[in-house]
Amino acid sequence: QVQLVESGGGLVQAGGSLRLSCVASGRTWGIAVMAWFRQAPGMEREFVALITWSGSNTNYADSAKDRFTISRDNAKYTVYLQMNSLKPEDTAVYYCAAGRILGTIPSNYNYWGQGTQVTVSS
């Protein structure tokens with residue numbers, strides 16, 4: 001099993017920034033990719049960004065390009081999501097996910113964190 005714990009969410013004004021963190025523990029050696037998803041009330045969970053552990057491959061949703069940056073610290077088993085120029089439509093619960101194959105849909109991922117709330121006020 002892999003445990004994921006997110007942190008860093010909160011309330012921020014439009015145009016502001018937040019950095020989310022996700023620490024992985026447990027049987028992490030089988031994990032090939034880490035990702036961030038988000039889910040707003042009444043909406044489906046949607047892909048935000050992913051990064052591979054072994055290399056530097058990243059992928060972003062169109063809504064995140066040019067504003068969000070995903071990065072990792074392998075020594076700390078931690079993945080980050082730096083979010084800049086936040087908009088009210090970024091308001092959602094953000095989830096960290098870990099999996100063995102690259103993908104942008106939730107079913108590609110085997111392990112999930114509990115989520116952290118991000119609220120952007122206008």
Side-chain angles (χ1 to χ4, degrees):
Q1 289 288 339
V2 175
Q3 292 78 44
L4 303 173
V5 179
E6 304 104 329
S7 62
L11 173 64
V12 64
Q13 288 188 332
S17 299
L18 282 174
R19 188 177 81 155
L20 307 183
S21 300
C22 173
V23 180
S25 62
R27 297 177 181 268
T28 58
W29 52 84
I31 297 303
V33 58
M34 300 285 289
W36 289 95
F37 286 77
R38 67 186 184 186
Q39 188 167 19
M43 305 293 287
E44 293 187 352
R45 193 167 297 190
E46 66 174 3
F47 169 75
V48 176
L50 66 81
I51 188 167
T52 56
W53 274 120
S54 59
S56 59
N57 292 339
T58 59
N59 189 15
Y60 294 90
D62 288 343
S63 60
K65 286 179 182 177
D66 300 325
R67 297 189 301 128
F68 294 2
T69 302
I70 190 169
S71 61
R72 75 200 191 291
D73 184 334
N74 287 1
K76 297 181 179 179
Y77 297 98
T78 301
V79 174
Y80 304 97
L81 185 69
Q82 178 67 44
M83 305 186 293
N84 299 327
S85 302
L86 283 162
K87 306 174 182 179
E89 50 264 44
D90 294 318
T91 295
V93 177
Y94 283 69
Y95 295 92
C96 178
R100 299 182 179 91
I101 58 173
L102 261 69
T104 60
I105 58 175
S107 60
N108 290 142
Y109 294 85
N110 308 94
Y111 306 101
W112 293 85
Q114 80 287 355
T116 185
Q117 177 70 47
V118 171
T119 302
V120 184
S121 63
S122 57

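Computed from heavy atoms alone, side chains included, the values below leave out hydrogens, waters and symmetry copies. Here the structure is a predicted model, which is why all the values come from computation and not from measurement. The first residue in the sequence is number 1, and the count goes up from there.
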With [X] via side chain to side chain contact (heavy atoms under 4.5 Å, CB included) - residues at least two apart:
X: Ile101; result: Asn108
X: Glu44; result: none
X: Gln39; result: Arg45, Tyr95

Can you tell me if Tyr80 uses its side chain to pair, donor with acceptor, with the backbone of Asp73 under 3.5 Å?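 Between the backbone of Asp73 and the side chain of Tyr80 there is no qualifying donor-acceptor contact (under 3.5 Å).
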
Under a 3.5 Å distance rule, please check whether Thr104 uses its side chain to pair with a backbone N or O of Phe47 as donor and acceptor.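 Side chain of Thr104 to backbone of Phe47, a donor-acceptor pair under 3.5 Å: no, none is there.
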
Mind checking salt bridge (charged side-chain N to carboxylate O under 4.0 Å, His left out) for Asp66 and listing every partner two or more places apart, or none if nothing turns up?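 Salt bridge (charged side-chain N to carboxylate O under 4.0 Å, His left out) check on Asp66 returns nothing, list empty.
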
On a heavy-atom basis, which atom in [X] and which in [Y] lie closest, and how many Å separate them?
X: Val33; Y: Trp53; result: N-CD1, 4.2 Å
X: Tyr94; Y: Glu6; result: O-OE2, 3.9 Å
X: Lys65; Y: Tyr60; result: CE-O, 3.5 Å

Using 0.5 Å steps for rounding, measure from the CG atom of Asn57 to the CD1 atom of Ile51. 8.5 Å

Under a 4.5 Å cut-off applied to non-hydrogen side-chain atoms, are [X] and [Y] in contact?
X: Val120; Y: Val118; value: yes
X: Cys96; Y: Trp36; value: yes
X: Thr52; Y: Leu102; value: yes
X: Met34; Y: Leu4; value: yes

Sequence neighbours left out, what passes ring-ring contact (aromatic ring centres under 6.0 Å, His included) with Tyr109? Give chain and number order.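 Only Phe37 meet the ring-ring contact (aromatic ring centres under 6.0 Å, His included) criterion with Tyr109.
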
Tyr77: what forms a ring-ring contact (aromatic ring centres under 6.0 Å, His included) with it, not counting sequence neighbours? none

If the condition is side chain to side chain donor-acceptor pair (under 3.5 Å), which residues does [X] pass it with, not counting sequence neighbours?
X: Asn59; result: none
X: Asn74; result: Arg72
X: Gln117; result: Thr119

Using distance only, find each side-chain donor-acceptor pair of residues 12-31 under 3.5 Å and give its atom names and separation, not counting sequence neighbours.
| unit_1 | atom_1 | unit_2 | atom_2 | d |
| --- | --- | --- | --- | --- |
| Ser17 | OG | Asn84 | OD1 | 2.9 |

Applying salt bridge (charged side-chain N to carboxylate O under 4.0 Å, His left out), which residue pairs with at least one partner in residues 90-99 are found, sequence neighbours left out?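 Salt bridge (charged side-chain N to carboxylate O under 4.0 Å, His left out) check on residues 90-99 returns Arg38-Asp90, Arg67-Asp90.
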
